[in-house]
Each structure stands twice: as structure tokens, then as C-alpha cells.
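Lettering of chains follows the sequences in order, A, B, ..., and the numbering in each one begins at 1.
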Amino acid sequence: MEIPPRYNPKDRESKILQKWLEGAVYHAEQNPSQKPFSIVIPPPNVTGILHMGHALNNTIQDVLIRYRRMQKYQALWMPGTDHAGIATQNVVERELAKEGKTKEDIGRENFLKRLWQWRDKYGSTIINQLKKIGSSCDWQRLRFTMDEDYSQAVGEVFLQLFNQNLIYRGNYIINWCPRCQTALSDEEAAHKEVDGWLYYLRYPVKTKEGNPSFITVATTRPETMLGDTAVAINPQDKRYSWLKDSEVILPIVERSLKIVEDEAVDPEFGTGIVKVTPAHDPVDFQLGKKHNLEFINIMNKDATLNGNVPEDFQGIDRFEARAMLIELLTQKKLIEKKEPYNLGAGHCYRCSTIIEPRISLQWFVRMKPLAQEAIKVVQQDKIKFHPHRWKKVYLNWMFNIQDWCISRQIWWGHRIPVWYCQDCYNSDSNDRKGIIVAKEAPEKCPDCGGGKLAQDQDVLDTWFSSWLWPFATFGWPFEKSEDRNQKIEVRKKEFEYFYPTNTLVTASEILFFWVARMIMASLKFTGKIPFSDVIIHGTVRDDKGIKMSKSLGNVIDPLEIVDKYGADALRFSLMFLAASGSDVYLSNDKFLMGRNFSNKIWNANRFIFSQLRDKKINIDKLGYKIEDESDAWILDHLNKTITACTESIENQRIDEAIKTAYDFFWHFFCDWYLEIIKDNFSQIKANNSVFILLSALKLLHPFIPFISEEIFSLIKKNTSLDLTEFISESGWPEKEKIDIDSNSLVIFTKMIDTVDKIRDLRGNLGLAQEKISLEVRTDASLKEFWARHQGWFNKLIAAESISLVDKLDRVFYQNKYWEINLKIDSADLAKFKQVLDKKISNFTSLIAKSKTKLNNKKFVEKAPKDIVEKEKSKQDDFSRQLIRLKNLKEIIV
RNA sequence: GGGUGCAUGGCUCAGUUGGUUAGAGCGCUGCGUUCACAUCGCAGAGGUCUCUGGUUCGAAUCCAGAUGCGCCCACCA
């Protein structure tokens with residue numbers, strides 16, 4: 001069997017993936033004899049295409065799942081997609097627009113048909129992409145937020161909240177996106193700074209003699225003046241106490257404005273007088289309620305001005321109207337001045353259009369009652385955030401939580417399960433007469449018996465279904481109903497087994513949107529926390545630190561990386577770079593690291609197998625035998641690596657885990673052990689190297705599943721070992737409990753140090769090519785070691801001969817156990833002298849430092865004894881080295 | 001305005017409860033390809049750990065302040 005010298009992931013990954021899918025290695029079922037471990041995927045938008053953020057997010061989850069699966073947990077990773085109301089509707093609307101049609105043209109029913117068609121066609125794109133990067137979800141359980149069962153849960157939740165008076169309908173000021181033409185929640189209105197102007201407008205005043213004939217108000221949105229119904233001042237502000245007896249006239253509209261006093265007005269800002277537009281500003285809305293002002297809505301759904309403004313402005317867009325107004329007011333000399341001003345304006349999180357605050361009739365959830373428990377569980381660390389600092393961010397938001405606007409004026413989503421009785425419902429009234437909330441369409445009004453019922457036209461916020469994700473995906477609620485009967489018991493059992501889930505992995509952006517709400521929903525409806533740990537990872541940025549986004553064109557497509565370097569390379573580099581919670585800076589070359597590592601593993605495997613083949617060695621039992629110091633040393637490091645790696649994953653430090661495993665494989669196993677056994681590939685060494693290789697592959701499998709699976713199956717094929725079919729079934733490695741002689745470890749470590757230093761000397765002496773001869777002086781007990789392992793040195797430092805002597809003319813290298821002289825004919829002594837001088841001065845200063853420390857009585861008194869001892873032996877060692885170097889310099893020069 | 005985080009070699013970052021001659025990857029320099037891997041090996045250069053003060057026998061690490069970045073939240077029109 002010929003093994004190519006380069007690992008080609010492209011050939012292999014798809015075959016391995018196929019094998020996994022056929023073997024259903026991801027499937028988990030409730031099984032009381034095993035411990036459960038479960039994660040629910042943050043469901044990507046059904047419109048989604050895999051981006052680097054997904055790759056990062058899902059690789060972390062996959063590492064955790066694969067790790068637990070190897071530990072013989074029933075590891076369930078629940079996959080699925082989110083219907084993503086506005087986003088998906090926008091996509092299909094854009095498609096329609098290409099045909100020159102609007103959704104209204106084809107009607108609600110047909111439009112929804114188009115949406116489902118679209119979902120059926122493209123909805124699995126991101127799922128297939130997730131598979132491609134190795135995500136080991138339980139694909140048999142794929143969920144969608146608009147599945148029939150899932151929708152049942154949404155309806156149930158609405159019903160329960162309504163019955164407990166935690167849902168209400170009312171006219172309030174909400175965030176309105178004039179482009180999507182729907183209400184948005186506060187979270188969906190992203191505050192961004194916008195360059196703008198602060199205009200100072202003059203409003204004429206009818207007042208007593210001696211008072212000013214106008215007042216000046218400041219505003220960033222002059223067009224809203226058309227809806228002004230008052231001006232407000234601070235009651236403490238004596239400058240304007242005269243205003244109370246005056247009448248203010250709104251220019252252009254010529255409306256008389258009320259004058260109100262309110263503490264909310266900051267006398268320091270602007271002129272200290274505020275224009276009040278109760279229907280188009282959240283603060284003014286509050287003022288309007290408080291002072292019983294008139295609410296004049298001046299805008300249509302698309303933010304053009306409506307019939308409540310003077311005729312010239314009707315039908316004009318808000319920003320155009322602003323320009324027109326400025327011009328008109330300037331003509332009338334009613335603009336005092338304007339100043340450049342940065343204002344924080346809400347932007348639609350789906351289309352970035354500037355939000356217009358607008359009063360409309362919407363459904364809301366009372367959040368304060370839901371928040372209480374959700375605050376407690378986090379305060380008590382029943383749910384832990386990683387990194388820990390997010391706890392504070394979460395709590396801060398929860399303490400200040402506002403009611404949640406959940407109705408959306410779009411068509412794609414869960415229709416609000418509410419019917420209004422045409423006979424007795426009055427939307428202006430606060431009572432619930434004529435409102436029927438039900439999972440099935442009711443026949444008549446329970447209040448008046450009327451039969452004219454109309455369902456609410458709106459749908460629910462996407463997040464109103466997402467917040468149920470951790471338990472609705474398990475089939476909650478578990479009440480019997482005709483078509484759900486058979487499955488219900490199974491589902492209930494599964495839920496009891498897997499729930500609460502263990503870890504949620506997410507980006508900080510959706511902490512409030514999703515994480516906080518899931519905690520509230522789960523506590524409310526299941527009485528349990530939804531997960532015990534929340535891992536919050538960083539944002540993916542380009543190499544300049546700018547967030548990757550399609551619109552900026554600075555994205556790296558993860559699938560292109562998979563194509564070029566393999567999914568393992570993608571995953572490896574992401575995990576290597578993603579320190580816990582910190583942002584990940586990416587550029588194409590970052591993935592070379594992952595590719596190179598795959599290739600290194602491939603070649604280590606290639607070496608071992610070519611040796612097995614050439615030497616006709618068969619391996620039928622995986623016993624590890626310690627034959628010499630190298631076997632002890634590498635096993636000791638393997639044991640340490642297993643411990644460290646396991647601990648790191650347990651502590652949610654995936655980057656640390658992968659670095660440890662990487663370092664072991666490359667810089668311990670390949671660099672030293674494989675080099676050393678090259679010339680002595682005995683049966684024992686063969687066994688040992690396969691043993692180490694297998695253990696290392698298992699450690700690496702959660703991070704780089706494809707190549708580890710591939711080599712695992714090659715081992716299975718090329719040995720007589722009794723291995724499981726898949727590496728994931730082979731168990732997480734445990735420390736090998738063989739007595740390891742500590743003396744062997746010390747000697748081997750000294751050997752490595754010796755090799756390092758002699759290589760260094762070789763370079764510094766300008767002996768790059770030449771073979772060199774060594775004279776070694778050592779104790780009788782270690783002569784045997786040197787005699788036995790001449791081959792190691794010959795190989796590792798290209799030595800020609802090594803002679804054991806009792807006396808050395810000069811010492812190039814020394815440690816506690818042996819001293820070495822290099823026999824050299826010719827050397828670059830000038831260069832070497834420089835190096836010696838540098839080292840001498842280096843050691844001189846180290847000794848000086850050490851001396852000051854040890855001469856410091858307080859240090860000797862107060863520092864722990866072992867530290868002082870360490871310092872002493874350090875100083876001794878430095879001194880020995882210094883003497884050696886000085887002698888060497890004398891002899892050489 | 002409130003909150004929160006970061007500042008370590010050219011770049012991106014590690015550095016656990018204060019005690020190392022401060023590390024890694026990439027980049028750079030020199031040497032090296034029949035002998036697993038040039039997607040490689042060996043060696044090297046490069047850091048007053050942002051600044052100031054404090055605690056301590058001892059600070060990259062703890063505390064305070066300053067400076068510079070970043071993120072989140074917020075109704076100063």
C-alpha cells in the first residue's frame with residue numbers, strides 16, 4: 001500500500017462524512033445506564049449560508065459533543081433551523097420584486113406558499129454545510145421552528161401567558177421599520193451613531209408685554225414638529241416661568257401648543273425648552289400620557305407624512321420633509337442656528353433603515369414577572385457564563401428589562417392565535433372582552449355569542465418561538481392529543497433524560513435576544529433551567545480587526561477553506577486562535593497552520609506504517625512496554641497531555657486543550673520519539689508508537705475529526721488490533737498506569753538538553769555540515785547509558801564518534817550528569833568568541849541578580865524555603881556555567 | 001452618561017492561585033532535501049510585559065491613577 005506524502009483532505013473528508021452519516025454515529029437515545037450530555041444548536045436562519053461565525057460557533061459545540069461522546073456519554077446535539085421571520089420574508093420579497101410583483105399582488109396565501117417552497121429548496125443548504133465542517137449533530141432530530149409540533153408549543157405558550165395576564169394588547173409607541181413595515185422590539189432596534197444636526201427652532205409666543213415674542217427649542221428631527229402638541233420646561237427653571245401664562249403657536253401648522261412642566265426636562269440641554277411630539281418620540285410619549293396631551297400621528301407606514309400635516313407635506317418622505325421644512329423655516333427666519341450633532345438612532349437590525357418611533361396597536365409580554373426567577377438562577381450560579389464577566393451584563397439587562405413587543409406586521413411566522421369578535425371587541429378598551437385566544441379557530445365569541453370572528457393579521461416575533469428552543473425541540477408540551485399520542489411517552493422520557501441541556505454556545509450578540517429569554521421561558525414553562533453553562537465566544541474579524549460581514553466584503557468563506565485545506569484545517573485554526581471569549585482575527589494564511597498540522601499527522605502515520613510494512617511487523621495487542629528511557633519519557637508526556645487536555649476541556653478552555661495536544665504530537669512525539677526510534681524500529685517500538693499514535697488521535701479527534709477517523713481506520717486495516725468501527729466509539733484516552741522510573745525521565749530530559757546545546761554549538765562554531773566527534777566524561781553508572789544510546793546521538797547531532805573518557809581538556813557542555821568536549825579540527829572561532837562573550841556577560845548578570853536576592857535578608861527570611869533553595873541552586877548552576885565558559889574561552893582563544 | 005473588557009517580541013495571541021533565564025503560531029535570518037513530512041528539519045535574531053505610583057522579601061501577574069483602543073447598554077430633545 002502506497003501512502004502519498006501529502007494529505008489530501010478533499011478526497012477523504014467526503015467519504016468519511018458519508019461513513020459517519022450511514023453509521024449514524026451521532027444519534028443519541030435516552031439510556032439510563034449512561035450519563036446524558038446535551039446541547040441545542042443555536043438554530044441558524046433557514047435563509048442562512050455558513051459564515052465564519054457559524055464555523056466558530058459550531059466547531060466549539062462539536063468539540064464538546066465529540067469529547068463527551070468519546071467519554072461514553074449519550075451525547076445529543078440537537079440541530080435545526082429558525083424560520084427567521086423578517087429576514088426570510090425579505091429574501092422572498094426580493095425574489096418577487098425581480099418578477100415585478102409585490103407580496104400584496106399575489107396575496108397572503110400564495111406568498112406563504114412561495115415561502116415554503118423557498119424553504120424546501122434552500123432550507124437545507126446550511127445544514128449540509130454544517131455537515132461538511134464535521135458537525136456531529138443528531139441529524140435524525142432536525143427541527144424547524146415552524147414545524148407542526150413546534151408551532152403547538154408556540155401556541156401553548158401564548159395561551160398560558162395570556163391566561164396569566166402576562167400578555168396584553170395596547171397602543172404604545174414602538175420601533176417601526178418603515179422599510180419592513182413592521183413593529184420591532186427594543187432589541188431589534190440597534191442604536192448607531194448618525195452624523196446629524198441639532199436645529200434650534202423658534203416658536204412664536206403670544207404673551208404679555210415685556211416677555212420675548214418667541215421661544216427656541218432644539219431638535220434633531222425637525223420634521224416631527226408637525227406633530228408637536230406641547231412644549232415642556234423644567235419646573236425649577238425660572239428663566240421660563242413666564243411661559244405658563246403665554247400661548248405658544250406651532251409655526252406652519254399654526255396650532256396652539258400646551259405648556260407643561262416636567263422634571264424630565266434637562267435645563268442644561270439645548271435651550272431648556274423641549275418640543276413635545278407624543279406620537280413620535282418615546283420620551284414625549286411618556287410626557288403625553290402623563291400630561292394628557294394630544295397624540296397626533298403624522299406618518300404613514302412607510303414614513304411618508306400623512307393627512308394630519310399641512311397639504312404641502314402630505315405624501316412626502318420624512319427626510320425630504322425635513323429638508324423642505326428647514327428651507328421653509330429659514331425663509332420665515334424661524335431657525336436660530338444649527339450645530340453638528342451625533343445622535344444615536346435606532347436602526348432596523350434586518351435592513352438597517354432608521355427606525356421611526358410610532359404609536360400602534362401591538363401585543364406585548366410583561367417581562368418583569370418572568371425575569372425574577374431568571375435573575376435568581378444566574379445569581380446563584382445555577383447557570384454559569386464563560387467568560388464569567390457576562391454574568392454582570394446579563395443581570396444588568398435583566399434588572400432593567402422592558403416589556404417585549406411580540407407582534408410583527410409580516411406574514412412569515414406563527415400567526416398570532418387570537419380572534420377578535422366583530423360584535424363586542426373594542427381595541428380602545430383595556431378589558432379583554434371579545435378577545436379569544438385559542439390554538440384552534442373558535443366558532444363563536446364566548447363573551448357575546450357572536451359568530452363574526454376575525455383572526456389577528458399579525459405574526460409573532462421570531463424570537464417568540466426561538467426562546468422555546470431548548471425544550472420545544474424535545475416535543476414540549478407533552479399533553480396528549482390525537483395525532484401526537486403515540487410519540488408522547490417516548491418524548492417525555494427523552495426530555496426527562498436529556499433536559500436540562502448542559503452547555504449553550506453562542507455569540508454575545510444574542511445574549512439578550514435569545515439566551516436571556518430562553519432562561520425565562522424555560523423556568524416559566526418547564527420549571528427547570530434550560531442549560532447549566534453558557535459559553536460566549538468572540539466575534540470573527542478580519543486581520544485588521546474589522547468585523548467580518550458580507551456587506552463590507554471582508555469575509556473569508558469557510559467552505560472555501562474546507563475546499564482548499566480541509567475541514568480539519570478550518571476547525572484546527574479556529575480552535576487554536578479562539579481563546580476563551582476573545583475575538584478571532586482571521587486571514588487566509590491562518591489556516592495554513594491547520595493544514596500543516598494535518599499533514600504532519602499524516603506523515604507520522606505514513607512513517608509508522610511504512611516501517612511496519614518494511615519490517616513486516618504485525619501488531620495484535622496494544623501493550624505498552626518500556627524498553628528504554630525514550631519509552632518512559634514519551635509515555636510520561638502522553639499521560640501529562642491526557643490530564644492537561646481533559647482538564648482544559650472541562651474548564652471550557654478549548655484553545656488550551658488543542659495547544660496541548662498539538663504540542664505533544666508535534667514537538668514530543670514527532671520531534672523526539674519518532675526520530676529516536678527511526679533506526680531501531682523494533683516490535684516494541686512499533687507497538688509503542690502505534691499506542692501513542694492512537695492515544696494522540698483520540699485526543700485530537702474532537703478538534704480534527706476527519707483525519708483522526710481516517711488514520712484510525714487505517715490502523716484498523718493495517719494491524720490485527722481489535723478496534724471499534726469508529727474512533728468516536730473507542731473511548732477517551734486515560735492515563736496508562738505503568739510505573740515510570742523517574743530517573744529515566746531525568747536522564748532522557750538531560751539527553752534532550754544535551755542534543756539542543758550541541759546543535760547550538762555546532763551552529764555557533766560554524767560547523768553546519770561537518771560530522772563531529774564527542775568526548776564524554778560521566779559517572780560509571782551512566783557510562784552504560786551512553787554506550788547503549790550512541791545511536792541516538794549519532795542520529796540527532798550527526799556525530800561521527802563518541803568516546804567515553806575520564807578527563808576532558810575543555811568542556812563545551814556540562815550538566816549535573818556529564819560533561820562533553822567537542823573535538824574540532826577547524827572552526828569559526830571569531831564567531832564563537834563573540835557568542836562566548838555574550839553568554840559570559842549574560843551569566844554574569846544573572847549571577848549578580850541572584851546574589852542581590854540571596855544577600856537580601858528579608859528574602860531569605862520571608863520567602864518560602866523551597867524558593868530560596870531554588871535560588872541557591874540556580875546561582876550554583878550559573879556559577880558553574882560561568883567558570884566553564886571562561887575556561888573554554890581561555891583554551892580556545 | 002452607565003457598564004465592561006483589552007494593552008506582552010514585526011503581526012495574532014498564551015502566560016492558572018504573585019517566585020521561569022517571559023512562551024507559541026505566523027513572519028524574518030542562517031544552514032540543511034536519497035533516509036515520514038520543504039505543507040519539513042535544525043539553529044538564530046527580536047520583548048525596559050503602555051505609563052505612573054502603591055502593596056510585597058519578590059509584580060507581566062495584585063491595588064490605585066493616567067493614556068490609548070474595543071464592545072455592550074441608555075429617552076438629553
Side-chain angles (χ1 to χ4, degrees), chain A residues 3 5-7 191 198 217-221 224 232 264-266 268-271 273-277 281-287 341 343-344 357 387 389-390 392-393 396-397 400 508-509 511-512 538-539 543 545 565 569 573 576-579 581-587 589-590 592-593 595-611 647 651 653 655-656 659 662-663 667 670-671 674-675 678-679 755-756 759-764 766 768-769 796-798 835 842-843 845-846 849-850 853 856-864 866-868 870-871 874 878:
Chain A
I3 306 169
R6 288 198 185 165
Y7 176 59
H191 280 258
L198 185 61
V217 295
T219 180
T220 54
R221 296 187 295 151
T224 60
V265 179
D266 177 3
E268 304 293 315
F269 188 86
T271 58
I273 310 179
V274 184
K275 62 187 269 309
V276 183
T277 321
D281 184 279
V283 183
D284 295 3
F285 178 79
Q286 295 302 332
L287 285 175
Y341 193 78
L343 57 147
R389 65 187 132 97
W390 291 103
K392 231 173 154 175
V393 178
N396 186 48
W397 186 77
N400 297 301
S508 59
E509 286 99 311
L511 183 61
F512 306 139
T539 307
D543 52 353
Y565 306 134
S573 291
F576 198 92
L577 295 168
S582 67
D583 290 350
V584 188
Y585 286 50
L586 290 178
S587 54
D589 58 351
K590 291 271 166 69
L592 291 174
M593 202 195 313
R595 178 198 62 170
N596 293 354
F597 186 46
S598 292
N599 197 55
K600 187 74 183 178
I601 298 171
W602 183 250
N603 272 290
N605 151 70
R606 184 165 171 252
F607 165 71
I608 293 169
F609 281 124
S610 64
Q611 291 287 322
E647 218 178 271
N651 294 333
R653 287 300 306 268
D655 61 318
E656 224 176 64
K659 276 172 193 160
Y662 166 86
D663 210 40
H667 298 305
C670 291
D671 285 358
L674 289 187
E675 285 304 321
K678 236 172 214 177
D679 294 335
V755 168
D756 275 342
R759 282 168 172 171
D760 183 8
L761 281 167
R762 176 190 270 289
N764 287 328
Q769 324 263 357
L796 294 169
I797 52 182
V835 173
N842 189 15
F843 275 111
S845 79
L846 282 172
K849 249 198 223 165
S850 194
K853 231 177 183 180
N856 184 348
K857 274 179 194 161
K858 283 181 179 171
F859 171 72
V860 181
E861 277 167 26
K862 292 196 175 178
D866 56 319
I867 297 291
V868 179
K870 220 180 183 179
E871 196 60 39
K874 230 160 63 181
F878 292 159

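- We find that A:D284 and A:K275 are not joined by a salt bridge, their nearest charged nitrogen and carboxylate oxygen being 4.0 Å or further apart.
- Minimum atom distance to the side chain of A:N599 is reached by B:U39, of the listed B:C42, B:U39, B:A77.
- A sub-4.0 Å separation between OP1 or OP2 of B:U39 and a side-chain N or O of A:R595 is absent.
- Using a 4.0 Å heavy-atom distance criterion, A:N400 is classed as making no nucleic acid contact.
- Comparing B:A14 with B:U52, their P atoms are spaced 24 Å from each other, to the whole Å.
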Considering only nitrogen or oxygen atoms on both sides, find all protein atoms under 3.5 Å from nucleotides 22-30 of chain B and state each distance.
none

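- In this structure, the salt bridge (Lys or Arg N to Asp or Glu O under 4.0 Å) partners of A:E871, at least two apart in sequence or on a different chain, are A:K853, A:K874.
- A:K392 has a side-chain polar atom (N or O) that falls below the 4.0 Å cut-off from OP1 or OP2 of B:U4.
- Annotated stems with RNA chain B as a participant read B:1-7 with B:67-73, B:10-13 with B:23-26, B:28-32 with B:40-44, B:50-54 with B:62-66, given as range with range, by first number; only runs of 3 or more Watson-Crick or G-U pairs under 3.5 Å qualify.
- Remark: A:Y565 pairs with no residue by the ring-ring contact (aromatic ring centres under 6.0 Å, His included) rule, at least two apart or across chains.
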Mind listing the N/O atom pairs, protein and nucleotides 68-76 of chain B, below 3.5 Å?
unit_1 : atom_1 : unit_2 : atom_2 : d
B:C76  : O2     : A:D266 : OD2    : 2.4

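- Comparing the P positions of B:G30 and B:A36 gives a spacing of 27 Å, expressed to the nearest Å.
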Which pairs, protein N/O on one side and nucleotides 55-59 of chain B N/O on the other, fall under 3.5 Å?
unit_1 : atom_1 : unit_2 : atom_2 : d
B:C57  : OP1    : A:K862 : NZ     : 2.1
B:C57  : O2'    : A:N856 : ND2    : 2.9

